[in-house]
Amino acid sequence: MQEFRVNNIHKFFLMNCGKMNISHPKYLFVHEKQDYLLIQKDETNWVTFKKPSEHHRLMNRINKNVILALLTLTSSAFLLFQLYYYKHYLSAKNGAGLSKSKGSRIGFDSIQWEGWFRIAENMGFQCLKIESKDPRLDGIDSLSGTEIPLHYICKLATHAIHVVVFHERSGNYLWHGHLRLKRNIDKKFVPFRKLQFGRYPGAFDRPELQQITVDGLEVLIPKDPVHFLEEIPHSRFIECRYREARAFFQQYLDDSTVEAVTFRKSAKELLQLAAKTLKKLGVRFWLSSGTCLGWYRQCSIIPYSKDVDLGIFIQDYQSNIISAFQDAGLPLKHKFGKVEDSLELSFQGKDDVKLDIFFFYEETDHMWNGGTQAKTGKKFKYLFPRFTLCWTEFVDMKVHVPCETIEYIEANYGKTWQIPVKTWDWKRSPPNVQPNGVWPISEWDEVIQLY
């Protein structure tokens, strides 16, 4: 990125913020190749306008004042909606204090929204609204039917405005829903295939902002705008399967003993500390093994697993990973293998909860991580189909999981992964395990280190 520009449409919005009860937009962002207009009124709510690449040419064909007026209506309406929503319903952690009566009064009512659309239609626009259930409330039965705005598309002649609504999520990150077309939607309303931004649910880091002056206007932009752009192609988000998790706990009662509650608390703290440590190093990781199974099957930590499991691609390995965890208060428990083959690290957390980090090696048609038996030096290999990484939310964190989750889970736990198994032999139980030779005794000092 080489420059920032503020064109007439942005100037109009900024100059009319006062009329919309907005002191100033928190975030105005323009990229030279792909234009986005993102506005943040407070610390929790964002609206982004994406303009087609032929914006300047098309603007000369239609009435600019009409489009600017619609932008003003859109931005003020969505910002006020999100402020009201978050203030009354999402500030209470985990849904505390929510009620059925409140759930029926969230945001603008249908009459107000219909009025907004009538105004837009009277101005000559055709508008399409896309809403869906709020995933933040999906775990709360009384509010699981609440719908929130995800996308709004308005068109006039050959010009379209695509509004993508960002929402705050636990873990201090921003989320937007996907552009899912319902059956009754006219597939020819706009060329939907060209609307790439928001095609899938996405998660973004909350950017730190800085104020700059562009064309005489004071605006806020991210201190690292390149990072935001780089996030877009890797932002795909997978929601936890709340409905399936509820069904699981109806069949297999949740363990609410003191030991289970204590373990979950310690495991959550350990996972958060590990994520913080790896983020400082810039090392990608994902939930693996039993931790990934717990997220996918029951949206929770499996209480009898006794550890936290993470995966890291071997190409992301850094020599200072061990020292970084030790500095964070997690001593090394064991180190198996070496960078070239079957590397595995284990760190000791509090309350006898350990952190296992498995390093994955990439082959032409599969991936694998290794295991080592300390007493015999036997090596094992765990095969996985190739996978990519998506974001999810787990224990109030934004973390990676394999996008191809079901294939990943079935490789490690078989087709019966939905049934809890409390007795597990890491050398025999996984269906994807296979022998991988024996470490030479001359290498044991290097590849089998116990502390």
So does P149 get a backbone contact from the side chain of H167, meaning a donor-acceptor N/O pair under 3.5 Å? yes

Within the side chain of E231, is there an N or O that forms a donor-acceptor pair under 3.5 Å with the backbone of D205? yes

Is the distance between the ring centroids of [X] and [Y] under 6.0 Å?
X    : Y    : answer
H151 : H162 : yes
H176 : F237 : no
F360 : W286 : yes

Mind checking what makes side-chain hydrogen bond (donor to acceptor under 3.5 Å, both in side chains) contact with [X], not counting sequence neighbours?
X    : value
S346 : D356
D365 : none
Y173 : E393
T388 : E404

Could I get the full list of side-chain contact (heavy atoms from CB on, under 4.5 Å) partners for [X], not counting sequence neighbours?
X    : answer
S256 : none
P430 : Y382, N412, W424, N432, V433
K422 : Y304
D316 : V283, R284, I312, F313

Measure from NZ or CZ of K427 to the centre of the six-membered ring of F380, then state whether that distance is under 6.0 Å and the direction lies within 45° of the axis. no

Cationic tip of K354 above F347 ring, under 6.0 Å, 45° of axis: no

Do any pairs count as a disulfide bond (SG atoms under 2.5 Å apart) and have a residue in residues 347-398, sequence neighbours left out, and if so which ones? C390-C403

Over 12 non-hydrogen atoms of neighbours within 6.0 angstrom of [atom1] in [X]:
X    : atom1 : result
D425 : CG    : yes
K279 : NZ    : no
L450 : CG    : yes
R243 : CZ    : no

Write out all pairs satisfying side chain to side chain donor-acceptor pair (under 3.5 Å) with one or both partners inside residues 437-451, taking only residues at least two apart or from two chains. K338-E443, T372-W439, Q449-Y451

Given the rule in the salt bridge (charged side-chain N to carboxylate O under 4.0 Å, His left out) test, do E269 and K350 qualify, once you have shown the distances and angles that lead to the verdict? CA-CA 9 Å; E269 293 174 353; K350 68 176 185 179; 2.8 Å; yes

Listed partners of D224 passing salt bridge (charged side-chain N to carboxylate O under 4.0 Å, His left out), at least two apart: none

d(E407 CD, F387 CZ) to nearest 0.5 Å is 11.5 Å

In Å and rounded to the nearest 0.5 Å, what is the CE to CH2 distance from M397 to W391? 9.0 Å

Taking only residues at least two apart or on different chains, which pairs with a member in residues 366-380 satisfy salt bridge (Lys or Arg N to Asp or Glu O under 4.0 Å)? D341-K379

Under a 4.5 Å cut-off applied to non-hydrogen side-chain atoms, are I406 and W417 in contact? yes

